[in-house]
Structures are given as C-alpha cells and as structure tokens.
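Notes follow once the structure below has been shown.
All heavy atoms count here, side chains included; hydrogens, waters and symmetry mates do not. Please read these numbers as outputs of a predicted model, since none were measured by experiment.
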Protein chains: 2
Amino acid sequence: MANIKEIARIAGVSVTTVSRVLNNHPYVKEDKRRAVLETVERLNYSRNINALHLLKGRTQIIGVILPMINHSYFGVMMEGIAQEALKSGYQLMVSQTSYQPEEEQRMLEMMRNKQIDGVIICSRSLPLEHLEAYNPYGPIVLCEEIGPRPMSSVFLNHYQCFQEGIRYLWNKGHSSIGYSISRMEGPSSSRRYEAYCDMHEELGIPVNPSWIYDHCLDIEDGVLLVRRMLEQADRPSALIVTSGQVAAGILLEAGRQGLRVPEDLALISFDNMPISEVLGITTMDNGIYTMGASAMSIADELIRGTTSSPMTKEIPFQLIERSTA
Amino acid sequence: MANIKEIARIAGVSVTTVSRVLNNHPYVKEDKRRAVLETVERLNYSRNINALHLLKGRTQIIGVILPMINHSYFGVMMEGIAQEALKSGYQLMVSQTSYQPEEEQRMLEMMRNKQIDGVIICSRSLPLEHLEAYNPYGPIVLCEEIGPRPMSSVFLNHYQCFQEGIRYLWNKGHSSIGYSISRMEGPSSSRRYEAYCDMHEELGIPVNPSWIYDHCLDIEDGVLLVRRMLEQADRPSALIVTSGQVAAGILLEAGRQGLRVPEDLALISFDNMPISEVLGITTMDNGIYTMGASAMSIADELIRGTTSSPMTKEIPFQLIERSTA
DNA sequence: CTGTTAGCGCCTTCAG
DNA sequence: CTGAAGGCGCTAACAG
C-alpha cells in the first residue's frame with residue numbers, strides 16, 4: 001500500500017535515504033536508518049517489485065518450456081533446474097505446453113516483453129529457426145543436441161547411449177531387441193532410431209519396426225506395451241524402455257502374464273529413477289537432473305554476461321547393471 | 001529495444017496515438033493507425049510488460065504453492081489449475097516447496113511485492129494464522145478444509161471419503177484394514193486418522209497403528225510398503241492407498257511375493273489415475289483435477305472483484321468399483 | 001552523509 | 001480525432 005515516498009515523508013528523510021536503507025547502502029546515519037526501518041515496520045511497507053523490473057530491465061525470472069510436468073522425466077529435469085535456480089536467485093515460470101507451438105511461442109514472447117530474462121526449453125515442437133528469431137531478447141538454452149546453431153544447449157549423446165544399450169543386450173545373447181519411446185517425432189527419437197538401425201547393420205541382424213513402441217511414458221504405458229507385445233506373433237526378447245516407470249509397468253504386467261524377467265524378456269530402462277533401484281532394474285543413467293541444473297546455470301551465466309557466446313555441454317551417461325538384463 | 005516514444009517519433013504521431021493503436025482503441029484515423037502499425041512491425045517493437053505491471057498494479061500472474069511437482073497427485077491438480085488459468089488469461093508461477101516454510105513464505109512475499117495477484121496453496125506447512133496475515137495483499141485459495149477462516153478454500157471431505165472407503169471394505173468382509181498416507185503431519189492425514197478411528201469404533205474393531213504406512217507417494221513406495229508389511233507378524237487384509245501409483249507398486253511387489261489381490265490383499269486407491277483404470281484398481285475418485293480448476297477460478301473471481309468475501313467449495317468424490325477389492 | 005531530480009515504458013485523464 | 005502532461009514506485013547519478 002504505502003510507497004517509498006510516504007515512508008520518506010513520515011520518517012522525515014528523503015526517498016534516497018529510504019532507498020539506501022532498503023538496499024543496505026553504507027553512509028546512512030544510524031538514527032535516520034533506524035527511523036526509516038521503524039516506519040517501514042510500522043506501515044508494513046513492502047517494495048513494489050514491478051518498479052524494479054521496469055527500472056532494471058531484468059526480472060530474475062527464467063521461463064521453462066516443457067510438454068508435461070506430470071511425468072518423471074521432466075519432473076526430474078525440473079528438479080535440477082529448480083535447485084540451480086534457487087542457488088542463483090531466480091524464480092521460475094513454467095509453461096506446460098503439451099507440445100502446442102502456441103504455448104511455446106507465448107513463453108518466447110514473454111521474453112520479448114521482458115517478463116522473463118531467459119528461456120530453458122526441455123522439449124519443443126517449434127522449429128529451431130523459429131527459436132533463433134528470439135535470440136536477441138535473451139538466452140535460449142535447449143536440452144537437446146542442436147548442432148552449429150547460435151543457441152546454447154545441454155545434451156545427451158542419444159546415439160552413443162542407445163548404441164551402448166544395444167551392444168550390452170547383444171553381448172547378453174539377444175538379437176531380437178525392441179525399444180519404447182515417448183513420441184516418434186522428437187529429435188532424440190530419430191537419433192535413437194539411427195543408432196538402432198546402424199547397430200543392427202553392424203551386428204548383421206534385421207531391423208524390426210514393429211518392435212518400436214510409441215507413446216510410452218508412464219506405468220500404464222508399460223502395462224499396455226506388454227499387452228500389445230503379446231499379441232505379436234514375433235516378439236522381441238529384450239527391450240530398452242523410456243523410463244523406470246515404463247519398466248515398472250512392464251514388470252507388473254509381465255508378472256501377471258507369466259513372462260519372466262530377464263529370462264523371457266530382458267529390460268533396460270533409460271533414466272535412473274528411485275523405482276529402478278528398488279526394483280533392481282538395469283538402467284542407463286542419463287543424468288537428466290544434471291541436465292536441468294546445467295541448463296539453468298548456463299542461462300545464468302549468459303544473463304549475467306559472464307559469457308556472451310552460446311554454450312554447449314554434453315552430459316555423460318552410464319550403464320548401471322542390475323538384474324533385469 | 002525500441003519503446004513507444006520512438007515508435008511515435010518515427011511514425012510521426014504522439015505516444016498517445018501509438019498507445020491507442022496498440023490497445024485497439026477507436027477514434028484513430030486509418031492512415032495514422034497504419035503508420036503506427038507499420039513502424040511497430042519494422043522496428044520489431046514489443047511492449048514492455050513490466051511498465052504495465054507497475055502502472056496497473058496487477059500482473060495477471062497467480063502463484064502456486066505445492067510441495068512437489070513430480071508427483072501425480074499434484075501433477076493432476078496442476079493440470080486443473082493450468083487449464084483454468086489458460087481460460088481466464090493468467091500466467092502461473094509455480095513454487096516447489098518440498099514443504100519448506102521459507103519457500104512458501106517466499107511466494108507469499110511475492111504477492112506482497114505485487115509480483116503475483118493471488119496464491120493457490122495446494123499443500124502447505126505454514127500455519128493458517130501465518131497465511132492470514134497476507135490476506136490484505138491478495139486472495140489466498142487453499143486446497144483443503146480450513147473451517148471458519150477468512151480465506152477461500154476448495155476441499156474434499158476427507159473424513160467422509162475415507163469413511164466410505166472403510167465401510168466398503170468392511171462390507172466386503174474385511175476387518176483388518178490398513179492405509180497409506182504421504183505424510184503423517186498433513187491436515188488431511190489427521191482427518192483420515194479420525195475417520196479411521198471413528199469407523200473402527202463404530203464397527204467394533206480395534207485400531208492397529210502399525211497398519212498405517214507413512215511416506216507413500218509413488219510406485220517404489222508401494223513396493224516398499226509390501227516388503228514392510230510382509231515383515232509384520234500381524235497383517236492387514238485390505239489397504240486404502242494414497243494413489244494409483246502406490247497401488248501399482250503394491251500390485252507389482254505383491255505379484256512377486258505371491259500375494260494375490262484381492263484374495264490375500266484387497267486394495268482401494270485414492271484418486272483416479274489412468275494407471276488405476278488400466279490395471280482395474282478399485283478407486284475413490286477424489287476429483288483433484290476439478291479441485292485445481294475450481295481453485296483457479298475462485299482466485300480469478302476474487303481478483304476481478306466479482307466477489308469480495310472468501311469462497312468455499314466442496315468437491316464431490318465417488319467410489320469406482322473395479323477388481324482389487 | 002543527504003536531498004533533488006531524472007528517468008525506466010506505458011496508459012490515461014484532460015484539453016484542445 | 002489527437003497531443004501534452006502526470007504519474008505508477010523505485011534507483012542512481014549528481015550536487016551539495
């Protein structure tokens with residue numbers, strides 16, 4: 001309610017002095033400082049942050065674009081982002097896009113409007129060229145490999161990661177290998193598909209497209225995957241799946257249908273959730289928490305101007321052997 | 001970059017005219033309008049929203065306080081909030097608090113600072129009295145029953161809901177009934193505990209505190225619950241659990257341990273997630289999506305001043321019979 | 001050490 | 001139909 005002018009009037013000083021006290025500047029006589037503080041207290045004054053935003057041209061808010069928040073993959077990534085944001089003093093503005101381009105655009109526009117200082121894109125559907133147009137307005141950090149583009153990115157080498165998964169299964173004696181993904185169109189999915197094909201060529205085994213299961217995100221999708229699979233005449237003996245949740249769903253339904261894991265069906269999951277550890281699921285830890293944290297810290301550096309050119313960071317992955325493969 | 005003054009200068013009109021065009025006011029000659037629009041286009045102008053925020057004293061942003069985002073219960077609630085926010089033109093600022101009071105407070109302070117117009121509290125650890133102090137700064141909508149307090153709330157009758165669950169199990173022949181919760185201290189947990197005790201008294205069966213399983217949120221917790229339970233000499237024959245995820249975890253581990261559901265262990269879950277449907281889990285649909293949506297719409301009404309006094313809304317629940325109880 | 005003053009970018013009376 | 005001017009609340013030179 002009250003503003004700085006009123007505080008000044010009542011405390012019998014100038015607005016500058018009030019501002020100085022509020023911002024802990026030195027050179028304010030102790031009695032004036034106390035008078036100000038007391039008035040602030042008495043009037044229950046609180047400063048209007050919007051005035052600051054306008055004045056500074058910055059808001060200390062980062063926008064986060066992700067398709068869905070209610071999914072462990074992005075949930076964990078968010079956790080990493082949030083953790084780092086807290087450390088470096090940013091607020092987060094999250095937009096759950098469901099992959100709707102208009103929603104992604106809306107957040108980008110917020111950056112143009114100076115409502116947010118930068119954007120982290122966990123997953124997108126807008127084309128890269130389109131994003132680039134927003135480059136002048138603030139840093140854009142993508143969580144994917146984007147090649148030689150003038151934007152920052154934090155990424156996992158999906159190709160290598162997937163290759164290693166397949167090789168591991170092959171070494172365990174599997175030659176009928178399938179996998180699940182969350183959506184066919186995503187950039188990481190195509191990278192995986194390449195790895196899948198290349199590895200099969202290298203190992204001299206045929207690729208079977210009907211062993212690629214789309215739309216797998218959560219437990220229920222794992223359950224449904226098993227049901228789908230059991231209807232197939234020709235079935236894979238091993239699967240690489242999208243997440244610990246999906247793996248759990250598979251395990252659950254496999255149990256009900258009398259499929260033994262890993263004897264009848266081997267499983268590698270692609271993240272390292274608590275559930276994977278509890279259930280002993282062999283996992284490719286793809287460091288998504290780190291990915292989120294790195295994205296945020298890059299955004300911070302870019303905003304603070306420590307670095308001006310786009311930054312790139314590859315996140316390491318690691319296979320954790322447990323008992324499902 | 002460019003501001004309204006520059007547009008005015010270049011287009012050869014006054015700032016007022018520019019503002020009028022930008023806000024679709026009538027009474028602007030067509031040629032001036034066009035000149036402005038063209039300049040806006042050419043300079044790639046975009047207005048600074050912070051100036052508006054300052055001027056209007058409102059931001060069209062709602063703060064959402066929730067302990068964790070990466071959990072289906074709050075995920076679904078968020079979905080409801082987000083859906084409604086989109087409809088009424090609000091942005092959302094989410095704070096993942098992990099139940100840390102300082103984080104909750106931080107968001108409340110943002111309201112005081114005029115950074116957000118209102119707050120929706122999905123779950124909290126700050127005491128109600130404390131929240132009330134922020135009443136003058138904007139509407140606070142809680143997602144719980146708060147009794148006669150000057151704040152708005154959307155809630156489920158946990159007592160009745162739980163009672164009905166127990167009665168259902170009792171009618172199915174169970175007299176050893178346990179349940180899981182997410183955290184012992186929460187207000188809804190105490191309501192459930194009351195219902196649990198009262199029902200047991202009514203039915204003349206003894207209460208067994210060791211059948212109350214704390215910290216159950218996700219699949220892995222369901223798995224661990226079964227392991228914990230199997231170590232107990234005296235075991236419940238039926239469980240009411242926190243979520244579809246927990247139920248799935250129980251089902252999974254029960255299968256591995258040779259426990260049949262519902263013969264050896266009956267199950268009711270407390271929400272209605274996709275997983276519950278896919279797995280045929282008997283569920284108490286507690287309408288959390290609706291809860292989120294209602295909370296947002298109440299916040300909107302309060303902000304727009306349609307209503308000034310706090311509002312209260314009870315969300316209905318409904319038992320969905322499937323095959324686990 | 002302290003106060004005056006000029007904006008940050010925009011909208012909105014109030015006079016033409 | 002259009003423009004000048006004031007002000008939203010705050011900070012940061014710039015003078016004392």
_Length of the line joining Asn113(A):CG and dG9(C):P, which is rounded to integer Å_ = 13 Å
_Spacing of Glu30(A) atom CD relative to dC1(C) atom P, expressed in whole Å_ = 10 Å
_Can you list everything that forms a side-chain contact (heavy atoms from CB on, under 4.5 Å) with Ile10(A)? Sequence neighbours excluded, please._
Glu6(A), Thr39(A), Arg42(A), Leu43(A)
*Spacing of Arg20(A) atom CZ relative to dG3(C) atom P, expressed in whole Å*: 9 Å
*To the nearest Å, how far apart are Lys114(A) NZ and dG9(C) C1'?*
11 Å
*Name the nucleic acid region contacted by Ser19(B), choosing base, sugar-phosphate or nothing; use a 4.0 angstrom heavy-atom cut-off, strictly under.*
base
*Can a donor-acceptor pair under 3.5 Å be found between the side-chain atoms of Thr16(A) and the base atoms of dT11(D)?*
no
*Partners passing salt bridge (charged side-chain N to carboxylate O under 4.0 Å, His left out) against Glu109(A) (at least two apart in sequence or in another chain)*: Arg112(A)
*Phosphate oxygens OP1/OP2 of dT2(C): is one of them under 4.0 Å from a side-chain N or O of Ser14(A)?*
no
*side-chain contact (heavy atoms from CB on, under 4.5 Å) against Ser123(B), all qualifying residues, sequence neighbours excluded*: Pro67(B), Phe74(B), Tyr99(B), Arg183(B)
*asked:* For Pro101(A), give me all partners under side-chain contact (heavy atoms from CB on, under 4.5 Å), at least two apart in sequence or on another chain.
replied: Ser125(A), Leu126(A)
_Within the 4.0 Å heavy-atom criterion, would you say Val28(B) contacts the bases, only the backbone, or no part of the nucleic acid?_
sugar-phosphate
*Which of these passes side-chain contact (heavy atoms from CB on, under 4.5 Å) with Ser19(B): Val21(B), Asn23(B), Thr16(B)?*
Asn23(B)
*Given atom OH of Tyr27(B) and atom P of dC11(C), what is their separation to the nearest angstrom?*
20 Å
_Tell me the interatomic distance from Asn3(B), atom CG, to dC8(C), atom C1', rounded to whole angstroms._
9 Å
_Going by salt bridge (Lys or Arg N to Asp or Glu O under 4.0 Å), name the pairs with one or both residues in residues 295-316 of chain B, residues two or more places apart or in two chains._
Asp300(B)-Arg304(B)
Run the side-chain donor-acceptor check on residues 142-150 of chain B: report pairs under 3.5 Å with partners two or more places apart or on a different chain.
from, atom 1, to, atom 2, distance (Å)
Glu144(B), OE1, Arg124(B), NH2, 2.9
Glu144(B), OE2, Arg124(B), NE, 2.6
Arg149(B), NH1, Glu132(B), OE2, 2.6

*asked:* Which heavy atom of Asn113(B) sits nearest to which heavy atom of Arg47(A), and what is that distance?
replied: OD1-O, 3.1 Å
_With a sphere of 6.0 Å drawn around CD of Glu129(B), does it hold more than 12 non-hydrogen atoms of other residues, nucleotides or ligands?_
yes
*Separation of Leu22(A) atom CG from dG9(D) atom C1', in whole Å?*
12 Å
*Can you sort out which residues in residues 48-63 of chain A have a heavy atom within less than 4.0 Å of DNA chain D? Ascending by number, please.*
Asn48(A), Ala51(A), Leu52(A), Leu55(A), Lys56(A)
*asked:* Can you pull out the residues from residues 33-40 of chain B that lie within a 4.0 Å heavy-atom distance of DNA chain C?
replied: none
*In whole Å, what is the span from the CG atom of Asp31(A) to the P atom of dT2(C)?*
7 Å
*What residues form a side-chain contact (heavy atoms from CB on, under 4.5 Å) with Val76(B), not counting sequence neighbours?*
Asn70(A), Met273(B), Ile288(B), Tyr289(B)
*Indicate whether OP1 or OP2 belonging to dG7(D) is found under 4.0 Å from a side-chain N or O atom of Lys5(A).*
no
_If the condition is salt bridge (charged side-chain N to carboxylate O under 4.0 Å, His left out), which residues does Arg106(A) pass it with, not counting sequence neighbours?_
Glu103(A)
*Any pair with a residue in residues 86-95 of chain B that passes salt bridge (Lys or Arg N to Asp or Glu O under 4.0 Å), sequence neighbours left out, goes on the list, sorted by first then second residue, please.*
Glu84(B)-Lys87(B)
*To 10°, what angle do the rotation axes through the five end pairs on each side of the helix from dC1(C)-dG16(D) to dG16(C)-dC1(D) form?*
50°
